[in-house]
Each structure stands twice: as structure tokens, then as C-alpha cells.
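Data block below; observations after.
Whatever order the structure lists ligands and atoms in, that order sets their numbers, starting from 1. Please read these numbers as outputs of a predicted model, since none were measured by experiment.
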Amino acid sequence: MSEITLNAPKLFDLTGNVALVTGAGSGIGQRIALGLAQCGADVALLDRRTDNGLAKTAEFIAGTGRRSIQIAADVTSGAALSEAVARTEAELGPLTLAVNAAGIANANPAEEMEEDQFQTMMDINLKGVFLSCQAEARAMLKNGRGSIVNIASMSGVIVNRGLSQCHYNASKAGVIHMTKSMAMEWVGRGIRVNTISPGYTATPMNTRPEMVHQTRLFEEQTPMQRMATVDEMVGPAVFLLSNAASFVTGVDLLVDGGFCCW
Ligand code: NAP
């Protein structure tokens, strides 16, 4: 047996990394940002929200002893994302990790959907992820290494029973295949790119009061008979970003309580 250099718990250590997280002012992005800080990364927090979402995330991170910066920006603007990456590198150091979680969800029957509603979904959920990856990878290619996780959805793989959201489902299927494509473009240049596809997760996106009936259905339809918590998205993100996943690229990791098995 060759000499053992393996230190398994260390594989998940993100110390020395700088991460950018989009959608960090709420839900899944907020909790992943905190998780990355707990694993040792300094984190730039980006969101379009003007409430105290980002400040709340920054407050959580301060408790870990890691550094964070708050960036109010919209992921539909390539210029804003380039600026965000430049500010991250100036204030925190070379960018090596990114999680792109900013996204929206809504529903409307296909035959009634206005062109604008379809377009806005694509602009944020698909083009926004493209522009984020582009800005992040430009820095990572320069830095010689990087790992990106895009938050897609199981809706990119299955059609959610009872939900008329063809534009959302198409945007997420696009994120999954676009991620595989970018993974192959950058595979020889030190950058890994993967997706996480959450199943139904308890976040502000789908725990609004008017969703009570719907969330009961979500729980019933999920083999584990419940929705995911935001905390349950952190481990998969840390894994994919870390050296524990050093041979993993172009993968879509379903985190869905078994939903896609049935
Ligand atoms: P969330 O709590 O609403 O968080 C999403 C965050 O992204 C919000 O702060 C939102 O701001 C922000 N955002 C939206 N558009 C943006 C833009 N153009 N530029 C910058 N920030 C923007 O929702 P979540 O459930 O955590 O969703 C995070 C990701 O997980 C999304 O991509 C979603 O599609 C995906 N996902 C969620 C579930 C689920 O069940 N929750 C399941 C599968 C996949 P606003 O509040 O202003 O929109």
C-alpha cells in the first residue's frame, strides 16, 4: 500500500478560500453562505433584496469569526456581477468558490402566460446563473482553481404534479445542462462546476400562508414525507465545493428526499 496522506475530515475544510454566494439574503443561499463560513471560508454575500436579509446573513457569519461583505446587485446584469467579483477580490482575496442560488419561482398555465413572465424567469434563473458563472470563472481561471455550485431544482428533471410552471421547469433544466457544458469547457483548467437540485424545501419561496395547502401536498408527495430544511442543502454544497469532491464535475446532485425515485 502506498504511503497514506489521506486526512478525511480535512477534505471538507474550506479554510483559505473566498466564496461568492448569490441569493445570500434569504433561504437556501443564506444558509449555505453561513455553512461555508463555518467551514472556514470568507464569503461575499450578493442579493437584490433591500430588506435586512444580507445584514442578517452577515451577522450570522460574524459569529463564526470569518469575514463577509454585502453586495446589493441583480444577477441579470453582467456588469454588476463583474463589479461584485472585483470587489470580492479586492476586499476578501482571490475568488475560489461560488454558489449561485439567486432565483425566483411562480406559476401560470402555459396557454395564459404572457411573454414577459416567461422572459423574466429565463433572465433571472437561467441567464442570471450564466452571467454569475461567467464572472466567477473569469476570476477563477486567472487564479488557477475554483469550484462552482449552481442551485437548480428537481423541477429541471421532473414535472411537479399540479404546478403550472413550464417556464420555471425549463429554466432549471437549462441550468443543469448549461452547468455540465461549462464543466466540460473548464475541465482542464482547474475549475469544477456542479449543480444541486433541491426537492421541496421550506424557504420563503414556498412557505407563504397561501401555500399551506400546497406545502401539505409537497410533504405527502415526497417519499420522506416532509420538506427539506435549508440546513439540509449545506452539506451537499460543502461537499461539492470542497476537496472531498475533487474528482466530481458536471454532476447534478439531487437532494430531494427520494422524490425522483418515484
Ligand atoms: P428565496 O428564499 O426566495 O431566496 C432567493 C433569493 O434570491 C432571494 O433573496 C431573492 O430576492 C434573490 N433573487 C431573486 N432574483 C434575484 C436577482 N435577479 N438578483 C439577485 N438576487 C435575486 O428562495 P429559495 O427557496 O432559497 O431559492 C434559492 C434557489 O433554490 C432558487 O434558485 C430556487 O429556484 C432553488 N430551489 C428552491 C426550492 C424550494 O423548494 N425552496 C426547490 C428547488 C430549487 P427576492 O426575494 O427579492 O426575489
In a simple table, one pair per line, please give the protein and ligand 1 atom names for every N or O pair closer than 3.5 Å, along with the distance.
residue, atom, partner, partner atom, Å
ligand 1, 2 (O), Ser26, OG, 2.6
ligand 1, 9 (O), Asp47, OD1, 3.0
ligand 1, 9 (O), Asp47, OD2, 2.8
ligand 1, 11 (O), Asp47, OD1, 3.4
ligand 1, 15 (N), Arg48, NE, 3.4
ligand 1, 18 (N), Asp74, OD1, 2.9
ligand 1, 19 (N), Val75, N, 3.0
ligand 1, 21 (N), Arg48, N, 3.3
ligand 1, 25 (O), Thr203, OG1, 2.6
ligand 1, 26 (O), Ile28, N, 2.8
ligand 1, 32 (O), Ala101, O, 3.2
ligand 1, 32 (O), Lys172, NZ, 2.9
ligand 1, 34 (O), Tyr168, OH, 2.7
ligand 1, 34 (O), Lys172, NZ, 3.0
ligand 1, 40 (O), Thr201, N, 2.9
ligand 1, 40 (O), Thr201, O, 3.3
ligand 1, 40 (O), Asn206, ND2, 2.7
ligand 1, 41 (N), Thr201, O, 3.3
ligand 1, 41 (N), Thr203, OG1, 3.2
ligand 1, 41 (N), Asn206, ND2, 3.4
ligand 1, 46 (O), Arg49, NH1, 2.9
ligand 1, 47 (O), Arg48, NE, 3.0
ligand 1, 48 (O), Arg48, NE, 3.4
ligand 1, 48 (O), Arg48, NH2, 2.8

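By the side chain to side chain donor-acceptor pair (under 3.5 Å) test, Asn52 is found to be paired with no residue, residues two or more places apart in sequence or in another chain being considered.
In this structure, Gln225 places its CD atom where more than 12 heavy-atom neighbours from other residues, nucleotides or ligands lie under 6.0 Å away. In Met184, the CE atom is crowded: over 12 heavy atoms of neighbouring residues, nucleotides or ligands sit closer than 6.0 Å.
For the residue pair Asp13 and Cys39, the shortest heavy atom distance occurs at OD1-O, 3.2 Å.
Within the structure, the ring-ring contact (aromatic ring centres under 6.0 Å, His included) test picks out no pair touching residues 138-186 (sequence neighbours left out).
Through chains of ILVMFWY side-chain contacts below 4.5 Å, Leu163 is grouped with Met154, Val157, Ile158, Ile176, Tyr200, Met211, Phe218, Met227, Leu254, Phe259.
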